[in-house]
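Structure first, then comments.
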Amino acid sequence: MKINIEEFQHDLVQWFQEEQRDLPWRKDNDPYKVWVSEVMLQQTRVDTVIPYYNRFLERFPSIEAFAEADEEAVLKMWEGLGYYSRVRNLHAAAKEVVNKYGGKVPDTKEKILKLKGVGPYTAGAVLSIAFGKPIPAVDGNVMRVLSRILLITEDIAKTSARKVFEEAAQELMYVPSPSHFNQALMELGALICTPGKPACLLCPVREHCRAFAEGVQAELPVKTRKKSTRHEDRLAVVLRDEHGRILVRKRPEKGLLANLWEFPNLKVVPLLDPWESLQDFLSTEFSLDATIDHVSFTRVHHVFTHLTWMIDAFEGKLQQGEITGCGGLRFVTGQELEELAFPVSHQKIWKAYKEKKS
DNA sequence: AACCCGGGGTT
DNA sequence: AACCCAGGGTT
């Protein structure tokens, strides 16, 4: 079977023009908006992104407004979306575009790839959608679609596979409209050429698909499995001072949930009494003397990609002690707390705490 | 090349 | 429970 490229392009792009979803970032091709949407969509489903995208652009309507914002406000707009380094990189890159390029997103591969958080996929997506450049945008959808159309058996979990698919996408590129071509491949992967059971009977390019011709579409793409997750048991405390304010701390600027706020917490030490661990933790780490309940008020289970947490949360009341200078530690009112960016796991703790109090 | 980095929906 | 998602950075 030999694919007719021109017929394939026509069938694909025409299908896209007729069947594409009405999505907020498709209202115009402004580079800043395209860029924001592409970063939000990294490893994240369309339905999840839509409300975040609308709120984000309402708050930061221009790249200048975004670049000027405080990181705390930026993280708050991203709260719950995950992979928080995405928005910290986007923020740094937006500042660079404003300061170095006069607010104009660069339109060459070489320049745009140097921006923080812009890799091969995002570069191709922005350059094709916003600037009409014939650069491939190869994401998970596109690798799945092309593995079937062209019967490519490369393991898409391997780093080296991306090059193979980029070359394939470049060969197939519909030069009159790279934007439609790239988006059509992704839209096809999202709506028709899905991972489990692709809807081949509805597929506009079924006639051009080698995998369908040989009946192996369900076996593709080839992808090796990743390792399983590890587990951590943790203890957290919602600690109030004499004014009813609550102790929160800012996480480190690197690593998991970087720069987000949380309730003080620590890993469970096996065979040690949780209550004693917490008392000791507050005393040693923060020089705080507190009265902690002996029974946790909630138990929160939270699943990350490579890690699961089981957090037992206790209520406590400050007896004495003062916050020593470290800026990552603050007593805040409930209202102030809700203006800070918290990971979902600790939002669950706060929700349980409020429900207990009401 | 292997690993880290969130959260939620599907199967 | 495993898999996947409009991936990129770090080591």
Side-chain angles (χ1 to χ4, degrees), chain A residues 16 20-21 23-26 34-53 75 78-90 92-93 112-126 128-129 136-145 155-163 165-166 169 179 181-191 193-198 218 221 223-231 251-260 262 300-309 341-348:
Chain A
F16 176 71
Q20 64 169 296
R21 290 167 291 179
L23 300 174
W25 46 90
R26 288 181 175 162
V34 171
W35 185 13
V36 169
S37 73
E38 291 302 339
V39 173
M40 284 188 172
L41 286 161
Q42 290 168 9
Q43 300 299 107
T44 311
R45 288 194 152 66
V46 164
D47 290 342
T48 305
V49 167
I50 290 173
Y52 280 91
Y53 176 83
L75 280 174
W78 211 267
E79 182 186 55
L81 197 50
Y83 285 128
Y84 299 94
S85 66
R86 288 185 294 175
V87 77
R88 297 197 302 130
N89 287 335
L90 180 64
I112 203 169
L113 274 174
K114 287 182 178 165
L115 297 171
K116 278 190 182 177
V118 178
Y121 166 75
T122 306
V126 174
S128 62
I129 298 171
V138 174
D139 68 345
N141 280 317
V142 173
M143 287 196 282
R144 183 174 59 254
V145 170
D155 180 0
I156 66 168
K158 291 188 176 297
T159 314
S160 54
R162 204 197 68 237
K163 186 170 184 287
F165 287 96
E166 278 181 350
S179 169
F181 177 78
N182 281 341
Q183 291 188 77
L185 283 179
M186 294 187 272
E187 194 81 344
L188 191 67
L191 299 181
C193 198
T194 51
K197 296 175 183 173
K223 184 173 187 180
T224 54
R225 200 173 69 263
K226 293 176 186 171
K227 67 164 191 176
S228 56
T229 63
R230 71 179 194 276
H231 179 83
R251 293 179 59 87
E253 63 181 341
K254 294 200 172 212
L256 185 67
L257 303 168
N259 283 3
L260 271 67
E262 65 179 6
V300 164
H301 183 64
H302 195 76
V303 181
F304 300 94
T305 306
H306 296 292
L307 171 69
T308 66
W309 276 348
F342 270 61
V344 169
S345 50
H346 284 242
Q347 291 178 42
K348 291 175 185 170

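In what follows, every heavy atom counts, from backbone to side chain, and hydrogens, waters and symmetry copies are set aside. Reminder, nothing fancy here: chain letters follow the sequence lines and each chain counts from 1.
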- Query: Using a cut-off of less than 4.0 Å, is there contact between a side-chain N or O of A:Thr122 and OP1 or OP2 of C:dG8?
  - Reply: yes
- Query: Looking only at side-chain N and O atoms, does A:Tyr83 come under 4.0 Å of OP1 or OP2 in C:dG9?
  - Reply: no
- Determine the contact category for A:Lys197: base if any of its heavy atoms lies under 4.0 Å from a base atom, sugar-phosphate if only primed atoms, P, OP1 or OP2 are that close, otherwise nothing. nothing
- Message: What is the separation between atom NE2 on A:His306 and atom C1' on C:dC3, rounded to the nearest whole Å?
- Response: 13 Å
- Considering only atom C1', compute the distance from C:dC4 to B:dC5 and round it to an integer number of Å. 16 Å
- Under 4.0 Å between any heavy atoms, over every strand shown, what does A:Trp25 touch: base, sugar-phosphate, or nothing? Just pick one. base
- Message: Output the rounded distance in Å from CG (A:Asn141) to P (C:dA6).
- Response: 4 Å
- Under 4.0 angstrom, heavy atoms only, what part of the nucleic acid is A:Val46 near: base, sugar-phosphate, or nothing? base
- For B:dG7, take OP1 and OP2 only and decide whether either is under 4.0 Å from a side-chain N or O of A:His302. yes
- Select base, sugar-phosphate, or nothing to describe what A:Arg251 touches, counting heavy atoms under 4.0 Å on all strands. nothing
- Contact class for A:Gly117 vs. all strands (heavy atom < 4.0 Å): base, sugar-phosphate, or nothing? sugar-phosphate
- Would you classify A:Thr48 as touching base, sugar-phosphate or nothing, given that sugar-phosphate means primed atoms plus P, OP1 and OP2, and contacts are heavy atoms under 4.0 Å? nothing
- Task: Could you tell me whether the phosphate oxygens of C:dA6, OP1 or OP2, come under 4.0 Å of any side-chain nitrogen or oxygen in A:Gln42?
- Result: no
- Note on the structure: Atom CD1 of A:Ile156 and atom C1' of B:dA2 are separated, to the nearest Å, by 17 Å
- Message: Work out how far the P atom of B:dG6 is from that of C:dT11, and round it to whole angstrom.
- Response: 15 Å
- Query: Under 4.0 angstrom, heavy atoms only, what part of the nucleic acid is A:Leu81 near: base, sugar-phosphate, or nothing?
  - Reply: base
- Query: Given atom CH2 of A:Trp309 and atom C1' of B:dG6, what is their separation to the nearest angstrom?
  - Reply: 10 Å
- Tell me what A:Asn182 touches on the nucleic acid: a base, only sugar-phosphate, or nothing, going by heavy atoms under 4.0 Å. nothing
- Message: Please tell me if A:Arg144 has a side-chain N or O lying less than 4.0 Å from either OP1 or OP2 of C:dC4.
- Response: no
